[in-house]
Amino acid sequence: GNLDRLAFSYTRFGEQGQEFIYGFNVRDTGVTERTLRKIFAESAPMAAQIRPFYRETDIQGQTVHLLQLPMPEDDTGSQGMREIGIAVVDRALVIGAGRLVENHVQAAVNHQGEPAFYTRPAYRTMAARVPAGACSYALSDTSAIVRYISEEIRTAAAQAEAGARPAHA
């Protein structure tokens with residue numbers, strides 16, 4: 001097949017909570033891109049069903065296919081939408097949260113360097129000591145998690161405070 005054995009994933013906290021992106025290395029990006037174009041073409045067999053939920057964007061010549069998918073109802077009975085992105089970039093088929101896929105493609109086309117997190121000694125040490133036979137590993141930037149949680153708490157506190165203020169007559 002066209003999929004290689006290597007894969008990668010990224011996680012971040014975003015507007016809808018934890019967002020993921022998965023990348024699968026491909027041997028022939030042209031074949032993968034043509035397949036995606038056929039799947040999402042206006043003449044495709046499923047086009048009538050997909051088109052209302054589909055859009056695409058171009059990032060410096062790289063196409064990102066985006067699908068709006070309904071999410072299950074939450075405790076309040078409301079149903080939201082989640083955007084899933086699919087792209088072929090850097091010899092990989094990338095699938096995940098729409099905005100995160102767009103950010104990944106943007107970083108690839110701009111040849112972004114490593115974020116500071118990946119140059120830290122703790123990351124370099126961990127990456128150098130992956131045990132033989134390991135099929136995956138993870139290292140989390142706890143400061144990014146704490147920043148996200150702190151911002152969520154600040155936002156909730158500000159909303160609660162705004163709702164608790166008495167109306168002026």
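Fair warning: this is a prediction, and the values are worked out from it, not measured in the lab.
- In this structure, the side chains of Leu69 and Glu83 stay at 4.5 Å or more apart for every pair of heavy atoms.
- Ring centers of Tyr22 and Phe8: at least 6.0 Å apart, outside the cut-off.
- At distances below 3.5 Å, not a single donor-acceptor pair connects side-chain atoms of Asp90 with backbone N or O atoms of Ala92.
- Contact record, Leu66 with Gly98: CD2-CA, 3.7 Å, taken as the closest heavy-atom pair.
- In the displayed structure, Glu42 atom CD is contacted under 6.0 Å by at most 12 heavy atoms of other residues, nucleotides or ligands.
- Counting only heavy atoms from C-beta outward, the side chains of Gln18 and Arg12 never approach each other to under 4.5 Å.
- Heavy atoms only, all atoms of each residue included: Ile59 and Glu102 are closest at CD1-O, 3.7 Å.
- Interatomic distance, Leu36 CG to Glu56 CD, rounded to the nearest 0.5 Å: 10.5 Å.
- Each of Phe53 and Met46 belongs to its own hydrophobic cluster when Ile, Leu, Val, Met, Phe, Trp and Tyr are linked at side-chain heavy-atom distances under 4.5 angstrom.
- Closest approach of Gly96 to Val101, counting heavy atoms only: N-CG2, 3.5 Å.
- Linking Ile, Leu, Val, Met, Phe, Trp and Tyr residues whenever their side-chain heavy atoms come within less than 4.5 Å leaves Val31 and Val26 in two separate clusters.
- The minimum heavy-atom distance between Pro70 and Met81, with the atom names listed, is CA-SD, 3.6 Å.
- If you take CG on Leu67 and CZ on Arg51, they are separated by 10.0 Å, rounding to the nearest 0.5 Å.
- Residues Ile95 and Ile84 form a side-chain contact, since some pair of their non-hydrogen atoms from C-beta on lies under 4.5 Å apart.
- Atom CZ of Arg99 and atom CD1 of Ile21 lie 12.5 Å apart (nearest 0.5 Å).
- Looking at heavy atoms from C-beta onward, His65 lies out of side-chain contact with Arg55 at the 4.5 angstrom threshold.
- Note that CZ of Phe20 and CG of Leu100 are 10.5 Å apart. Values are rounded to the nearest 0.5 Å.
- Ring geometry, Tyr10 versus His104: the interplanar angle falls from 30° to 60°, so the pair is classed tilted.
- The minimum heavy-atom distance linking Arg91 with Thr29 is given by the pair CA-CG2, 3.4 Å.
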Fill in: Verdict with reasoning, Val94 to Ile86, per side chain to side chain contact (heavy atoms under 4.5 Å, CB included)
CA-CA 6 Å; Val94 180; Ile86 305 168; over 6 Å; no
